[in-house]
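Here is the structure we will look at, set down as structure tokens.
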Amino acid sequence: MLPQMPPRYLINFDLSKIKKIYTDFLVVGSGIAGLYTSLKLCDKGEVILLTKGSLKESNTEYAQGGIAVALGDKDSPQLHMEDTLKAGANFCDPKAVEVLVTEGPKCVEELIELGTKFDKVEGKYKTALEAAHQRPRILRARGDATGAEIERALSEKVINENKIKIKESILIVDIIAEHNTCYGLLALDSNTNKIIAYFAKATILASGGAGQLFSNTTNPDVTTGDGIAMAYRGGAKVTDLEFIQFHPTALYHQGSPKFLISESVRGEGATLKNIKNETFMLSYHPLAELAPRDIVARAITDQMKKTKNGYVYLDATKIKDKFSQRFPTIYKNCLALNIDPEKEYIPVAPAAHYTMGGIKTDTWGQTNLTNLYACGECTSTGVHGANRLASNSLLEGLVFGNKITQKIRENIAYSSIKKLEELKLSYNAHQERYEEYNPIELKKELQKLMWNKVGIIRNSSDLKKARQKISEWKFIFKSKLKTTEDFELANLIILADLITNSALQREESRGAHYREDFPDRDDINWKKHIVY
Ligand SMILES: Cc1cc2nc3c(=O)[nH]c(=O)nc-3n(C[C@H](O)[C@H](O)[C@H](O)COP(=O)(O)OP(=O)(O)OC[C@H]3O[C@@H](n4cnc5c(N)ncnc54)[C@H](O)[C@@H]3O)c2cc1C
């Protein structure tokens with residue numbers, strides 16, 4: 001059964017009656033992908049950078065471990081490619097991976113030129129080893145604050161760049177597209193509650209992933225998959241949505257957000273123990289704590305079930321370096337909850353972490369709609385396959401942001417902003433709110449459903465129950481959506497529907513998608529992508 005198409009637009013509007021703003025380029029999102037792409041584009045024309053919260057609020061800000069790049073003498077793009085393909089469970093697009101690993105080093109050098117300060121030892125960049133990487137190739141900043149350092153450096157540049165206009169608190173609701181061409185965006189100005197239309201020669205979605213679909217997630221509140229859902233409504237292809245990466249170790253503390261305990265902590269020697277103080281990872285995989293993320297996440301889930309407990313422990317009391325110096329951010333966050341990782345075990349449980357699927361793009365960041373591009377976590381470029389290799393996503397944002405700017409330079413001569421007279425668009429399908437609902441409560445119910453039925457371990461019966469429940473919630477599409485919470489919830493419901501349907505369709509287990517009723521990988525029937 002195919003998912004039912006959602007409404008084309010989430011709001012009623014008439015272009016002849018709303019405020020219109022024209023520019024050369026529109027960029028949605030202020031994480032690594034949006035900031036870097038804006039900086040690379042602005043010598044070609046004016047950029048309006050739109051973001052729904054404050055400039056820094058993004059997944060990027062919270063990235064800890066680092067950015068993977070083959071820079072050292074003993075490393076090479078070829079080795080980085082091998083690791084990426086292997087982690088991706090025979091499901092990556094090798095052409096896209098090649099672009100990532102070969103163009104990555106230059107983009108990272110540029111990130112450094114733009115002011116990012118990675119950690120050094122004796123004047124040389126310090127490279128760390130992470131699970132499933134053959135070589136130490138992870139650049140870090142301030143130990144475990146890599147994302148925050150990248151956001152700091154790029155935001156400073158963007159703020160000081162005259163040709164980039166930053167618009168915070170602007171929620172993009174829909175893309176304006178007709179006959180397979182994108183002309184711009186419809187936005188809700190959260191300060192005035194007014195709808196605005198933005199028009200540009202090219203529109204770039206860098207709007208991040210959808211971790212907020214799940215009740216346990218390492219992702220901040222802004223990650224509601226808006227860009228993926230709006231691209232889909234506007235006719236762009238979306239793919240591989242069943243592949244959600246669950247991180248094995250988020251800090252477990254009731255009532256607190258799921259703060260990530262980076263993989264590097266295990267990389268430095270920390271071990272997992274169940275509440276009976278037993279180590280268990282070796283009975284699941286020969287690489288034990290350093291096995292691929294999906295295996296560690298399932299092993300922990302199994303142990304939590306067996307011991308009837310909501311968490312296991314991470315014992316970092318004996319790691320090589322002093323915890324407080326090696327992981328200052330994690331240390332500070334643990335101490336705030338009265339857990340001292342140098343002396344005590346850290347309670348951890350898995351949490352939704354990364355959206356592998358998304359808007360389908362080619363290796364130039366082009367979607368199937370003319371003048372609509374996408375980069376970063378909202379896309380499916382093919383580099384992550386069924387399981388993202390740790391620290392490859394920051395790199396992806398840079399590399400494909402760069403490819404987009406190269407392509408736009410070629411295409412720009414042919415694109416022009418469609419004149420208003422030609423684009424007499426209006427939409428009038430939503431009724432006044434006909435059934436009262438609380439978007440905040442409904443979002444919590446949806447998150448719980450997705451965690452319990454479409455989470456780390458899936459099966460046909462649970463997925464069908466989830467699909468049924470999600471379709472009951474589609475009543476909200478007939479209502480008049482008004483607030484940020486309403487629009488985000490609508491996007492989450494659309495994505496929940498697509499993910500659940502894809503997960504039900506894919507009758508095999510591959511990478512992060514695990515079906516207990518089809519536990520094996522099936523390359524004969526399922527080495528194919530589900531595209532909506
Ligand atoms: C805790 C944590 C640790 C991580 N550690 C690492 C790591 O060590 N290495 C690594 O490579 N990756 C890591 N990741 C993943 C990585 O951080 C993300 O994949 C990457 O930062 C995504 O960048 P992005 O620019 O695509 O999206 P984001 O950084 O998420 O930015 C998306 C932007 O879009 C905006 N936006 C969304 N919807 C709308 C809308 N409707 N209207 C306007 N604006 C909108 C958001 O406000 C935000 O500014 C980590 C992620 C988390 C959560």
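These values consider heavy atoms only, across backbone and side chains, with no hydrogens, waters or symmetry-generated copies. One-based numbering, in listed order, for ligands and for the atoms of each. Note that the structure is a prediction, hence the values are computed from the model and not measured.
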Checklist outcome for this item: Counting from 1 in the order shown, the ligand 1 atoms closer than 4.0 Å to a non-hydrogen atom of Gly376 are 26 (O)
Next on the checklist: Looking at Lys52 and Val222, would you say the former's side chain and the latter's main chain have a donor-acceptor pair under 3.5 Å?
Outcome noted: yes
Next on the checklist: Below 4.0 Å, non-hydrogen atoms only: which portion of Ala187 touches ligand 1? Side chain, backbone, both or neither.
Outcome noted: neither
Item to check | Heavy atom of the protein closest to atom 15 (C) of ligand 1 (residue, atom name, distance) | outcome: Ser393 OG, 3.4 Å
Checklist outcome for this item: The answer for which part of Glu57 has a heavy atom under 4.0 Å from ligand 1 is backbone
Checklist entry - So, does Ile170 sit close enough to ligand 1 that a heavy atom of it is under 4.0 Å from the ligand? => result yes
Checklist entry - Distance-only, no hydrogens or angles: does the Asp83 side chain make a donor-acceptor pair with backbone N or O of Gln134 under 3.5 Å? => result yes
Next on the checklist: Test of understanding: given a 4.0 Å heavy-atom threshold, classify the contact between Thr223 and ligand 1 as side chain, backbone, both, or neither.
Outcome noted: neither
Next on the checklist: Strictly distance-based, threshold 3.5 Å: is any side-chain N or O of Thr203 a donor or acceptor partner for the main-chain N or O of Leu26?
Outcome noted: no
Item to check | Ile67-ligand 1 polar pair, N/O distance under 3.5 Å | outcome: no
Checklist entry - Tell me, which protein residue and heavy-atom name are nearest atom 28 (P) of ligand 1, and how many Å apart are they? => result Asn59 N, 3.6 Å
Next on the checklist: Is the distance between the ring centroids of His253 and Tyr311 under 6.0 Å?
Outcome noted: no
Checklist entry - For Lys163, does the NZ atom sit with more than 12 other heavy atoms under 6.0 Å from it, leaving out its own atoms? => result yes
Checklist entry - Among protein heavy atoms, which lies nearest atom 9 (N) of ligand 1, and at what distance? => result Gly66 O, 2.7 Å
Next on the checklist: I need the atoms of ligand 1 closer than 4.0 Å to a non-hydrogen atom of Leu171, numbered in the order shown.
Outcome noted: 41 (N), 42 (N)
Checklist entry - When you measure from atom 6 (C) of ligand 1 to every protein heavy atom, which one gives the shortest distance, and what is it? => result Ala63 CB, 3.5 Å
Next on the checklist: As a quick check of understanding, evaluate ring pair (Phe, Tyr, Trp, His ring centres under 6.0 Å) for Phe327 and Tyr331, giving each step before the final call.
Outcome noted: CA-CA 6 Å; Phe327 303 106; Tyr331 185 71; over 10 Å; no
Checklist entry - ligand 1 and Ser30, any nitrogen or oxygen pair closer than 3.5 angstrom? => result yes
Next on the checklist: Determine whether the aromatic ring centres of residues His384 and Tyr354 are separated by less than 6.0 angstrom.
Outcome noted: yes
Next on the checklist: If the contact criterion is a heavy-atom separation under 4.0 Å, does Glu488 count as touching ligand 1?
Outcome noted: no
Next on the checklist: Check whether Ser264 reaches the backbone of Gly267 with its side chain - one donor and one acceptor, N or O, closer than 3.5 Å.
Outcome noted: no
Checklist entry - Of the backbone atoms (N, CA, C, O) and the side-chain heavy atoms from C-beta on, which set of Leu260 has a member under 4.0 Å from an atom of ligand 1: side chain, backbone, both, or neither? => result side chain
Checklist entry - Got an N/O contact under 3.5 Å between Thr60 and ligand 1? => result yes
Checklist entry - Of the non-hydrogen atoms in Ile404 and Gly365, which two are nearest, and what is the gap between them? => result CG1-CA, 3.7 Å
Item to check | Any Gly147 heavy atom less than 4.0 Å from ligand 1 | outcome: no
Checklist entry - What about Gly34: any of its N or O atoms under 3.5 Å from an N or O on ligand 1? => result no
Checklist entry - Within a radius of less than 6.0 Å around NZ of Lys40, do more than 12 heavy atoms belonging to other residues, nucleotides or ligands occur? => result yes
Checklist entry - For atom 22 (C) of ligand 1, which protein heavy atom lies nearest, and how many Å away is it? => result Glu377 OE1, 3.7 Å
Checklist outcome for this item: The closest protein heavy-atom partner of atom 42 (N) of ligand 1 is Ile172 N, 2.9 Å
Item to check | For Asp226, the ligand 1 atoms whose distance to one of its heavy atoms is below 4.0 Å | outcome: 38 (N), 39 (C), 40 (C), 41 (N)
Item to check | Under 3.5 Å donor-acceptor, Gln245 side chain and Arg388 backbone | outcome: yes
Checklist entry - Short question: side chain of Asn12, backbone of Ala429 - any donor-acceptor pair under 3.5 Å? => result yes
Next on the checklist: Using a 4.0 Å cut-off to any heavy atom of Ala33, which atoms of ligand 1 qualify?
Outcome noted: 25 (O), 26 (O)
Checklist outcome for this item: A student comparing Gly53, Ala351, Ser58 should find that the heavy atom closest to atom 31 (O) of ligand 1 comes from Ser58
Item to check | Main-chain N/O of His513 paired with Glu242 side-chain donor or acceptor, under 3.5 Å | outcome: no
Checklist outcome for this item: protein heavy-atom neighbour closest to atom 44 (N) of ligand 1 works out as Lys52 N, 3.0 Å
Checklist outcome for this item: Going by the 4.0 angstrom heavy-atom rule, the piece of Ile32 near ligand 1 is both
Checklist entry - Which protein heavy atom lies closest to atom 27 (O) of ligand 1, and at what distance to 0.1 Å? => result Gly208 CA, 3.5 Å
Checklist entry - Just heavy atoms, cut-off under 4.0 Å: does Arg388 contact ligand 1 by side chain, backbone, both, or neither? => result side chain
Checklist entry - When you measure from the side chain of Glu168 to the backbone N and O of Thr51, does any donor-acceptor pair fall under 3.5 Å? => result no
Checklist entry - According to the interplanar angle, ranging from 0 to 90°, do the rings of Tyr22 and Phe199 count as parallel (below 30°), tilted (30 to 60°) or perpendicular (above 60°)? => result parallel
Checklist entry - Can any side-chain N or O of Glu289 pair as donor or acceptor with the backbone N or O of Gly269 at less than 3.5 Å? => result no
Item to check | Nearest atoms (heavy-atom pairs only) where Thr367 meets Leu372 | outcome: OG1-O, 2.8 Å
Item to check | ligand 1 contact on Leu395 by region, counting heavy-atom pairs under 4.0 Å | outcome: neither
Checklist entry - So, Thr146 side chain and Ala141 main chain: donor-acceptor pair closer than 3.5 Å or not? => result yes
Next on the checklist: Show me which atoms of ligand 1 lie under 4.0 Å from any heavy atom of Asn392.
Outcome noted: 11 (O)
Next on the checklist: Distance under 4.0 Å to a non-hydrogen atom of Asn219: what atoms of ligand 1 satisfy this?
Outcome noted: 53 (C)
Item to check | Numbering as shown, the atoms of ligand 1 that approach Gln64 to under 4.0 Å (heavy-atom distance) | outcome: 3 (C), 4 (C), 5 (N), 8 (O)
Next on the checklist: Using a 4.0 Å heavy-atom cut-off, which part of Tyr354 comes near ligand 1: side chain, backbone, both, or neither?
Outcome noted: side chain
Item to check | Element-labelled atoms of ligand 1 that are located less than 4.0 Å from some non-hydrogen atom of Val222 | outcome: 47 (O)
